[in-house]
Amino acid sequence: MMLPFYEVLNIGDYFLNLYSHFSILIKYCTKHIKMAKVLTSRSENYSQWYNDLVIKADLAENSAVRGCMVIKPYGYAIWEKIQAELDRMFKETDHVNAYFPLFIPKSFFSREAQHVEGFAKECAVVTHYRLMKDEENGGLKVDPSAKLEEELVVRPTSETIIWNTYKNWIHSYRDLPILINQWANVVRWEMRTRLFLRTAEFLWQEGHTAHETSEEAVEETLKILGIYSTFAEEFLAIPVLKGLKTDSEKFAGALDTYCIEALMQDGKALQAGTSHFLGQNFAKAFDVKYASREGREEYVWATSWGVSTRLMGALVMAHSDDNGLVLPPKLAPQQVVIIPIYKTPEEYAATRERAHAIKDSLKKLGVSVKVDDRDTQKPGWKFAEYELKGVPLRLAIGPRDMQNGTIEIARRDTLTKEVIAQDQLTTVIPALLDEIQRTIYNKAFKFRAENTFNVDTWDEFLVQIEKGGFISAHWDGDAATEKMIQDETKATIRCIPLDSVAEAGLCVRTGKPSVRRVIFARSY
RNA sequence: CGGGGUAUAGCGCAGUCCGGUAGCGCACCUGGUUUGGGACCAGGGGGUCGCAGGUUCGAAUCCUGCUACCCCGACCA
């Protein structure tokens, strides 16, 4: 998608040169696009905007099953791109994929006390394995004679089944480390659900690693956090804070939970990924020991980490606007769409042929292109449609362009369009895609910077939390204070940023001494 | 699990108060004119009115009971 040599050039300068070049070659004018409104606007009702958008951009819809969504082809294509890149990053760091069962014996959950407490309230349980004809109404009913000996829990996460398995795999330090990831679905029976952000069933990857030492496990935990943040920033184009969760926010069963936190356009925070240092909790619960180099028997050290289809929600809420989705080029199922414009059959044939020729030349550069040459929809309809779906670049080629050797090129991120020479496309498009990826990120970065506030008094805190954004404030480190703040403002501590500097101060709520600032926000 | 709302064509809705041939917009089908920002004209197809009972000569409409979904809270990634 990007030409390799761009990476070794100063991209900004290169791009400027390209542009000054064009302005000599061709006449172009930048126009702003105006569009019919099909979405609720963000200012009118942000959550309605989100719901509208997910449905209208064809990402997903609600299913016949309460709380469970159907991810539609266009949405799934984005998820596949997310998967492909993360999978590549995991494998590059020596992780391998495997698959563990969907069903977990109920007794496994009781082994780790913290863990069970965290998930018990939202587990789906399989109790029977057979249906039978219901004589009363002609339908089907559960066969009471087919009750399972031990009930099975539909996995809300797989630590227990995996550590029960690792017990058989690990005997010696020579068996370590184990660096396994699985792509799977999990079920958490949520009360209130929203497409992608919180659904009863969702897709994710969960990594589960086993190590000889605490240090090695911590290193793994942070390595993954780094992968997540790199992925978020370079692919999702969302700047994230890397940080540590407080005790009350951490994963049930972990010693430390690290996270990446992103800020959405409505000023609410969204946790986009987590990486846990599990210590020896699961090794002890499932009796996973190894013979060390010194011949001693030791418990194994563990990590687990995951990102889910929730990232899709983050992607939508971070960048999109009142006209629809805005997708970063690196994750867009189609980076470019070409729309032929014509009146006569001859013009149709000619523009269509040229469109396909352009597509072929761009495909050779690794750009994904779709030609929409359907005769059943009008150009205006198509323009609106691809804007709604967030296609980064749109090319329109009509009779005038055929004569002049030009083409109209419209950017989704800035909603601007201009006319350039066709023979420049293979140079301009890759550079523009790269530029769009960067612009989207920069916009999100600027938004976060403008919505992150240092707050030192409680009055100020109360005012600012209503406005939204990240609040950087001192906290005395007491869970009771954290709870009090949450009860009073609905704000939680999103994380203790890893790059936070030691700074003496007074807790924003209690006035007790504090050694560093933490990030507060209302969150999804 | 509390509080509120909704259920009528694929989608969005009106009709319900005051019972009497089930409607509108979009979408869909056919033909024509159109096509550089969601085209227009003409014709056409499509609904056991969420489900189950009840009242009535007659129920989308009145009564009873279910169910599902949405929104706001409590809980969570």
Side-chain angles (χ1 to χ4, degrees), chain A residues 31-40 45 47-48 51-52 55-56 61-68 117-123 137 156-157 186-204 206 228 245 248-252 257 259-262 269-276 304-314 323-324 339-345 347-348 351 373-388 394-404 406-410 415 417 419 486-487 490 492 494 523-524:
Chain A
K31 297 177 194 163
H32 275 269
I33 295 161
K34 55 179 186 305
M35 227 199 82
K37 203 185 109 167
V38 292
L39 296 172
T40 306
N45 183 341
S47 52
Q48 190 61 46
N51 293 341
D52 282 3
I55 303 268
K56 295 212 167 115
E61 63 187 36
N62 283 307
S63 72
V65 185
R66 177 193 159 75
C68 295
E117 203 176 308
F119 287 108
K121 284 172 290 185
E122 48 189 22
C123 285
N137 62 16
T157 179
V186 285
V187 169
R188 296 181 189 174
W189 214 261
E190 300 288 352
M191 288 296 167
R192 281 186 66 196
T193 60
R194 290 189 74 191
L195 293 173
F196 290 120
L197 297 174
R198 180 171 297 109
T199 47
E201 180 192 16
F202 57 93
L203 306 184
W204 75 347
E206 47 179 327
Y228 286 162
K245 285 290 188 190
S248 54
E249 292 281 327
K250 76 182 184 190
F251 173 68
T257 289
C259 62
I260 52 171
E261 291 284 329
L270 185 124
Q271 180 175 309
T274 52
S275 184
H276 313 292
S304 70
W305 28 275
V307 299
S308 72
T309 36
R310 189 176 227 211
L311 289 180
M312 298 284 296
N323 299 317
I339 297 169
I341 290 159
Y342 49 86
K343 287 193 172 80
T344 65
E347 285 170 351
Y348 183 35
T351 52
D373 55 8
R374 287 177 297 174
D375 193 30
T376 51
Q377 313 291 350
K378 293 188 54 182
W381 189 93
K382 292 177 186 174
F383 291 175
E385 179 69 8
Y386 292 108
E387 241 148 57
L388 196 52
R394 184 188 70 234
L395 301 175
I397 182 161
R400 284 204 301 275
D401 298 305
M402 294 298 287
Q403 284 209 325
N404 304 336
T406 57
I407 192 160
E408 182 186 88
I409 178 165
L415 290 172
K417 59 184 180 181
V419 176
Q486 181 174 2
D487 291 345
K490 293 181 196 153
T492 50
R494 300 319 302 155
S523 73
Y524 278 97

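Numbers restart at 1 for each chain; the letters A, B, ... are given by sequence-line order, proteins then strands. Values below: all heavy atoms of this structure, side chains included; hydrogens, waters and symmetry mates excluded. A quick note: this is a predicted structure, and the numbers were derived from the prediction, not measured.
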message: I need the CG-P distance between A/L395 and B/G36, as an integer number of Å.
response: 17 Å
field: Gap in Å between the two C1' atoms, one belonging to B/C40 and one to B/C26, rounded
entry: 16 Å
- request: Check whether the side chain of A/R188 and the base of B/C76 form a donor-acceptor pair under 3.5 Å.
  value: no
task: Apply the test side-chain contact (heavy atoms from CB on, under 4.5 Å) to residues A/E206 and A/S304: give CA-CA distance (whole Å), side-chain angles for both, the deciding distance (0.1 Å), then the verdict.
output: CA-CA 7 Å; A/E206 47 179 327; A/S304 70; over 6 Å; no
query: Taking only N and O in the side chain of A/N51, is any of them less than 4.0 Å away from OP1 or OP2 of B/C71?
result: yes
- request: Provide the distance between the two C1' atoms, one in B/U6 and one in B/A60, to the nearest whole Å.
  value: 15 Å
query: Considering every strand shown, what is the Watson-Crick or G-U wobble mate of B/G65 when both distances are under 3.5 Å?
result: B/C51
task: Quote, to the nearest angstrom, the P distance that separates B/C24 from B/A14.
output: 16 Å
Of the listed nucleotides B/U35, B/A74, B/G38, the one nearest the side chain of A/P379: B/U35
Step-by-step side-chain contact (heavy atoms from CB on, under 4.5 Å) determination, A/L395 to A/E408: CA-CA 6 Å; A/L395 301 175; A/E408 182 186 88; over 6 Å; no
- prompt: Which is true for A/F202 with a 4.0 Å heavy-atom rule: it touches a base, it touches only sugar-phosphate, or it touches nothing?
  reply: base
statement: When rounded to whole Å, the NZ to P distance for the pair A/K56 and B/C11 reads 14 Å
query: When the distance from CD of A/E117 to P of B/C76 is rounded to whole Å, what number comes out?
result: 11 Å
message: Just the rounded figure in Å: distance from P of B/A39 to CD1 of A/I341.
response: 13 Å
message: Between B/C1 and B/C57, how far apart are the two C1' atoms, rounded to whole Å?
response: 47 Å
message: Mind checking if A/L197 touches a base, just sugar-phosphate, or nothing, with heavy atoms under 4.0 Å?
response: base
query: A/E408 has a side chain; which of B/G36, B/G37, B/A77 sits nearest to it?
result: B/G36
query: If the C1' atom of B/G23 is compared with that of B/C49, how far apart are they to the nearest Å?
result: 12 Å
- request: Establish whether the base of B/G36 is bridged to the side chain of A/K378 by a donor-acceptor pair shorter than 3.5 Å.
  value: no
message: Can you tell whether the side chains of A/R188 and A/E201 come within less than 4.0 Å, N to carboxylate O?
response: no
Touch class at under 4.0 angstrom, heavy-atom based, for A/R66 against every strand present: sugar-phosphate
query: Do A/Q377 and B/G38 have a side chain to base donor-acceptor pair shorter than 3.5 Å?
result: no
query: Atom NZ of A/K121 and atom P of B/C76: how far apart are they, to the nearest Å?
result: 5 Å
- request: Any chance you could lay out the side chain to side chain donor-acceptor pair (under 3.5 Å) test for A/D375 and A/Y342, step after step, and finish with the verdict?
  value: CA-CA 10 Å; A/D375 193 30; A/Y342 49 86; 2.6 Å; yes
task: Determine the Euclidean distance between corresponding C1' atoms of B/C75 and B/A59; express it in Å to zero decimal places.
output: 43 Å
task: Round to a whole Å and report the spacing from NZ of A/K245 to C1' of B/C76.
output: 12 Å
query: Which nucleotide sits closest to the side chain of A/W381: B/G37, B/G38, B/C76?
result: B/G38
- prompt: Is there a donor in the side chain of A/T40 and an acceptor in the side chain of A/D52, or the other way round, less than 3.5 Å apart?
  reply: yes
task: Using the C1' atom on both, measure B/G37 against B/C18 and round to a whole Å.
output: 48 Å
message: Using side-chain contact (heavy atoms from CB on, under 4.5 Å), reason through A/R310 and A/F202 one step at a time and then give a plain yes or no.
response: CA-CA 8 Å; A/R310 189 176 227 211; A/F202 57 93; over 6 Å; no
message: Measuring from the side chain of A/K343 (C-beta onward, heavy atoms only), which nucleotide among B/G36, B/G37, B/U35 has the closest atom?
response: B/U35
task: Sticking with atom P, work out how far B/G45 lies from B/U55, rounded to a whole angstrom.
output: 38 Å
message: Checking contacts here: which listed nucleotide (B/A74, B/G37, B/C72) is nearest the side-chain heavy atoms of A/R394?
response: B/G37
- request: Could you let me know what B/G37 is paired to, Watson-Crick or G-U wobble, both distances under 3.5 Å, or none if it's on its own?
  value: none
- prompt: Are a donor atom and an acceptor atom from the side chains of A/H276 and A/T257 found within less than 3.5 Å of each other?
  reply: yes
task: Tell me what A/T199 touches on the nucleic acid: a base, only sugar-phosphate, or nothing, going by heavy atoms under 4.0 Å.
output: base
task: Any strand is fair game: report the nucleotide pairing with B/G73 by Watson-Crick or G-U wobble, both distances under 3.5 Å, or none.
output: B/C1
- request: Take the protein atom CZ of A/R192 and the nucleotide atom P of B/A74, then report the distance between them rounded to whole Å.
  value: 9 Å
- request: Between A/S63 and A/S523, name the one whose nearest nucleotide on RNA chain B is closer to the 5' end.
  value: A/S63
- prompt: Given atom CG of A/N62 and atom P of B/A68, what is their separation to the nearest angstrom?
  reply: 15 Å
- prompt: Which is true for A/Q271 with a 4.0 Å heavy-atom rule: it touches a base, it touches only sugar-phosphate, or it touches nothing?
  reply: sugar-phosphate
